[in-house]
Novice: 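This is the structure I want to talk about, given as structure tokens.
Quantities reported herein were computed from a predicted structural model and do not represent experimental measurements.
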2 protein chains.
Amino acid sequence: MSKTVQRLETKESIDERTQQVLRGIIEGYITSNEPVGSRSLSKSLEMGLSPATIRNIMSDLSDMGFLMQLHTSAGRIPTDKAYRFYVDQVVVANQLTRKLQKRIQEATQEGGTNQVEDLLISTTRLLAGLTQFVCLTSSPRVETSILRRIEFIRLSSQQILVVLVTRNGQVRNKIIAATEDLSQDFLNTVSSFLNDQFHNRNLHEIRQQILESMVEDKERYDRLLAQAVRLGKKAFEVEDAPELYIEGQHNLIFSERFRNLNSSRGLMDAFEHKSMIMNLLDSTVEADGIQIFIGIENELESLQDCTMVKAQYSDQSNVLGTIGVIGPTNMDYQTVIPVVDFTARILSQTITQQSSSCD
Amino acid sequence: MSKTVQRLETKESIDERTQQVLRGIIEGYITSNEPVGSRSLSKSLEMGLSPATIRNIMSDLSDMGFLMQLHTSAGRIPTDKAYRFYVDQVVVANQLTRKLQKRIQEATQEGGTNQVEDLLISTTRLLAGLTQFVCLTSSPRVETSILRRIEFIRLSSQQILVVLVTRNGQVRNKIIAATEDLSQDFLNTVSSFLNDQFHNRNLHEIRQQILESMVEDKERYDRLLAQAVRLGKKAFEVEDAPELYIEGQHNLIFSERFRNLNSSRGLMDAFEHKSMIMNLLDSTVEADGIQIFIGIENELESLQDCTMVKAQYSDQSNVLGTIGVIGPTNMDYQTVIPVVDFTARILSQTITQQSSSCD
DNA sequence: ATTAGCACTATCAGCTGATGAGTGCTAATA
DNA sequence: TATTAGCACTCATCAGCTGATAGTGCTAAT
């Protein structure tokens with residue numbers, strides 16, 4: 001049933017006037033959230049067309065698959081195909097108001113402790129608040145993060161705390177069990193050995209190399225090296241599951257805009273399966289810029305009544321993660337798109353600043 | 001409007017048969033979630049009382065304030081006062097099934113990384129799942145936590161990472177700005193100085209003492225001491241806001257049991273004000289055991305359609321925090337109470353194990 | 001090519017009467 | 001005297017009907 005629709009095409013040539021009518025219907029539906037009928041459109045368009053003429057045009061648009069009716073005597077509403085047309089052909093990259101820009105910038109700046117986690121959470125919350133939709137953010141994959149510093153702290157004879165700092169300011173803690181009692185001094189030697197060895201390498205590479213070291217001739221190891229490898233192995237076994245931040249779920253239920261959604265329940269349930277949502281969020285075709293998935297363009301069935309607008313964020317060199325919102329298909333694309341875009345940019349910028357404050 | 005009702009009293013002496021009827025109504029309403037009428041009660045009670053007699057008794061109970069009617073021709077439902085009677089007089093501390101006990105124990109055990117945060121989150125989720133209500137847990141107050149270890153890690157000339165480990169296994173990270181470039185060696189000296197000085201003291205005491213040191217004659221300080229105090233001050237300025245974990249909010253909306261709730265919206269909104277909820281959760285009169293707040297016994301207005309069942313958890317010496325559920329007043333007290341109780345015990349037990357694995 | 005006119009249709013709010021579950025009261029009963 | 005049967009009464013709910021409204025499609029006139 002759920003065959004994957006990559007993207008709806010809108011190549012067909014539609015004559016100018018018809019386009020204008022279509023645009024009118026789409027924007028009417030976006031603002032009113034009500035099916036739009038020929039009479040009211042005739043007035044609001046101010047093109048001097050009678051309702052009857054509009055009806056003819058509407059009929060054509062229905063045949064072309066741009067419009068549909070919920071029931072015979074209701075006005076028409078745009079199909080996913082219409083929104084795709086609208087986004088591709090009509091929406092121009094318009095500027096955000098200075099006011100809004102400032103608001104985003106300020107919100108991103110604040111938040112005392114300058115750790116990435118906090119930044120991501122507050123940004124996610126911000127975007128959920130601004131759009132009144134659900135906002136999702138994937139945290140940087142630890143896999144590809146670059147090691148800035150690793151440190152071992154002896155907690156007791158059986159427990160060692162690993163502190164792992166990545167270049168972009170993520171800090172991970174993990175308590176590992178010690179197989180023998182190691183002194184703090186010894187642990188310091190191990191950390192500085194690992195720091196020297198793996199400085200500025202990404203965690204994936206590091207893990208690889210440690211595994212290789214382990215199969216090498218064990219005879220050749222001195223105690224330091226042996227322990228370094230052993231501790232390193234445990235330390236870098238960071239949970240592969242990158243985190244996903246979700247904010248604004250309550251909008252799904254309380255926001256008026258979501259009201260003609262079939263199953264907000266289904267969506268809520270989907271959000272429980274974080275890994276699935278992660279994949280969806282991070283699966284990205286184009287390298288940069290905004291990506292928009294309208295209705296059935298979404299692979300996930302419970303998302304097929306919604307539009308997802310997302311953008312990647314990155315530091316100076318790498319793509320780190322994705323931030324996006326999920327809203328009704330008749331969202332106000334004209335403002336949502338630039339808001340997501342700008343937020344992602346600011347996020348990138350802030351993270352870049354943080355990670356460049358290394359030595 | 002919202003005058004504080006500490007606790008509804010149930011001193012009145014009610015004759016045995018009347019009590020049984022009341023109990024029947026309460027349990028009937030708990031299981032069916034429908035007002036219970038005289039006829040059906042007459043059958044289910046099997047006391048050989050005719051509906052008419054039951055009606056008379058019901059009428060008395062209404063006068064005493066134990067029952068009310070939503071409308072004339074509907075059956076009766078228990079008042080908050082009735083639930084209070086039920087909880088105090090009727091519900092006996094019954095045992096959980098072995099099966100359920102095992103389930104709680106297992107769920108608490110798992111979860112690889114043995115840090116308190118993860119434990120609290122997974123326990124909160126567990127309890128929300130078991131009860132199908134909303135579950136709240138307050139994390140241990142950092143204020144009163146006992147220092148196990150503090151460590152400074154030089155990230156760059158301007159940034160120092162503070163790692164703070166408490167006795168019960170909480171790890172806090174904080175990046176602080178350095179006023180001058182300090183070597184890692186020097187930082188190590190500072191950490192071990194602070195560790196010596198403050199080992200096994202709670203953070204609140206430590207902060208006090210540092211402040212006192214600062215006002216002492218500064219002339220007498222050598223460089224080490226001066227820096228130790230300065231860094232220590234920043235390091236121990238941990239955010240005072242303890243964390244609050246909330247799980248199962250969707251039950252509020254999707255669970256059948258919450259259906260006769262006036263405003264789930266109001267509750268959802270209340271949950272946004274975490275500090276307020278925190279206070280509510282942590283404000284505790286009695287020292288230990290289960291605490292139950294029924295309907296209007298709750299101070300918070302939006303909670304007055306609900307019952308909150310909570311219990312504190314602790315390590316070997318101190319109360320650490322509170323775990324509780326919020327559900328409809330006609331929840332199944334017979335099982336909810338022991339579930340919360342048992343979960344809190346297991347939580348205490350697990351945390352105690354963790355912190356006793358120090359040297 | 002456009003439009004006016006008309007028949008058609010679905011939804012919605014408001015009204016109706018029937019039904020049923022429940023009560024309270026009173027008088028009969030054990 | 002406590003219990004119960006009987007009866008009148010009260011509401012909430014539901015199905016079915018109503019007219020109003022807002023939309024459409026089609027056809028014939030412009």
Side-chain angles (χ1 to χ4, degrees), chain A residues 14-22 24-29 31-79 82 256 259-260 262 330, chain B residues 14-22 24-29 31-79 82 256 259-260 262 330:
Chain A
I14 326 172
D15 95 81
E16 182 55 32
R17 199 184 58 176
T18 312
Q19 285 198 23
Q20 272 186 281
V21 170
L22 177 53
I25 296 171
I26 295 172
E27 292 181 346
Y29 188 57
T31 46
S32 72
N33 206 16
E34 303 281 343
V36 1
S38 53
R39 181 204 292 268
S40 60
L41 190 60
S42 160
K43 280 180 201 152
S44 66
L45 272 183
E46 293 179 354
M47 292 169 65
L49 293 179
S50 80
T53 313
I54 303 247
R55 278 204 289 281
N56 288 330
I57 300 174
M58 280 175 150
S59 176
D60 295 346
L61 284 168
S62 289
D63 293 343
M64 285 188 270
F66 286 108
L67 298 179
M68 62 186 206
Q69 288 178 278
L70 296 178
H71 44 258
T72 339
S73 72
R76 288 183 165 81
I77 62 174
T79 60
E256 259 309 290
R259 103 176 109 93
N260 33 15
N262 283 341
N330 68 338
Chain B
I14 326 171
D15 93 81
E16 181 55 30
R17 198 183 60 172
T18 313
Q19 284 199 23
Q20 272 186 284
V21 171
L22 176 54
I25 295 172
I26 295 173
E27 291 180 347
Y29 189 55
T31 47
S32 72
N33 207 16
E34 304 281 343
V36 359
S38 52
R39 180 206 292 268
S40 59
L41 189 60
S42 162
K43 279 181 203 150
S44 66
L45 271 183
E46 294 179 351
M47 292 169 66
L49 293 180
S50 79
T53 316
I54 302 249
R55 278 205 288 283
N56 288 331
I57 301 173
M58 278 175 151
S59 175
D60 295 345
L61 285 168
S62 289
D63 293 344
M64 287 188 270
F66 286 109
L67 298 180
M68 62 186 203
Q69 288 177 278
L70 296 178
H71 41 258
T72 338
S73 72
R76 289 185 164 82
I77 62 174
T79 60
E256 259 308 290
R259 101 178 113 94
N260 34 14
N262 283 341
N330 67 339

Novice: Regarding B:S59 and B:S62, do their side chains bring together a donor and an acceptor under 3.5 Å, going by distance alone?
Specialist: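 Their side chains do not contain a donor-acceptor pair, so the 3.5 Å distance test is not met.
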
Novice: Rounded to the nearest 0.5 Å, how far does CE of A:M47 lie from CG of A:L41?
Specialist: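 So the CG of A:L41 and the CE of A:M47 are separated by 9.0 Å.
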
Novice: Would you mind reading off the distance between A:L70 atom CG and C:dT9 atom P, rounded to a whole angstrom?
Specialist: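 After rounding, the gap between these two atoms is 19 Å.
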
Novice: Please lay out, stage by stage, how A:L67 and A:M58 fare under the test side chain to side chain contact (heavy atoms under 4.5 Å, CB included).
Specialist: CA-CA 8 Å; A:L67 298 179; A:M58 280 175 150; 4.3 Å; yes

Novice: Is a donor on one side and an acceptor on the other found under 3.5 Å between the side chain of B:T79 and the backbone of B:G65?
Specialist: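 Looks like yes, one N/O pair under 3.5 Å.
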
Novice: Before giving the answer on side chain to side chain contact (heavy atoms under 4.5 Å, CB included), spell out for B:F66 and B:I25 the whole-Å C-alpha distance, their side-chain angles and the decisive distance to 0.1 Å.
Specialist: CA-CA 10 Å; B:F66 286 109; B:I25 295 172; over 6 Å; no

Novice: Of the residues in residues 43-61 of chain A, which ones touch DNA chain C at a heavy-atom distance under 4.0 Å?
Specialist: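 When residues 43-61 of chain A is checked for heavy atoms under 4.0 Å from DNA chain C, the hits, listed by number, are A:G48, A:S50, A:A52, A:T53, A:R55, A:N56.
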
Novice: Would you mind reading off the distance between A:I77 atom CD1 and C:dT11 atom C1', rounded to a whole angstrom?
Specialist: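 Taking CD1 of A:I77 and C1' of C:dT11, I get 15 Å after rounding.
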
Novice: For the pair made of CZ in B:R76 and P in D:dC11, what is the distance, rounded to whole Å?
Specialist: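 The answer, rounded to whole Å, is 14 Å.
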
Novice: OP1, OP2 of D:dT24 versus side-chain N and O of A:S38: anything below 4.0 Å?
Specialist: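 True: A:S38 side-chain N/O within range (under 4.0 Å) of D:dT24 OP1/OP2.
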
Novice: Using whole Å, report how far CG of B:L41 lies from C1' of C:dG22.
Specialist: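 Distance, rounded to whole Å: 13 Å.
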
Novice: Tell me, with the steps shown, if A:L61 and A:I57 meet side chain to side chain contact (heavy atoms under 4.5 Å, CB included).
Specialist: CA-CA 6 Å; A:L61 284 168; A:I57 300 174; 4.2 Å; yes

Novice: OP1 or OP2 of C:dT2 versus the side-chain N and O atoms of A:R17: is any pair under 4.0 Å?
Specialist: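 So the side chain of A:R17 is within the cut-off, an N or O lying under 4.0 Å from OP1 or OP2 of C:dT2.
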
Novice: Quickly work out the A:Q69 CD to D:dG23 C1' distance and round it to whole Å.
Specialist: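 Whole-Å distance recorded here is 8 Å.
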
Novice: Taking only the side-chain nitrogens and oxygens of A:T72, find out if one of them lies under 4.0 Å from OP1 or OP2 of C:dA10.
Specialist: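 Checking C:dA10 against A:T72, a side-chain N or O does come within under 4.0 Å of OP1 or OP2.
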
Novice: Ignoring backbone atoms, test whether B:H71 places a side-chain nitrogen or oxygen under 4.0 Å from the OP1 or OP2 oxygen of D:dC11.
Specialist: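 Answer is no, no contact under 4.0 Å.
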
Novice: Expressed in angstrom and rounded to an integer, what is the separation of A:D63 atom CG from D:dC26 atom P?
Specialist: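 To the nearest whole Å, that distance equals 10 Å.
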
Novice: Heavy atoms under 4.0 Å, any strand shown: does B:R39 hit a base, just sugar-phosphate, or nothing?
Specialist: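 Nothing, no heavy atom under 4.0 Å.
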
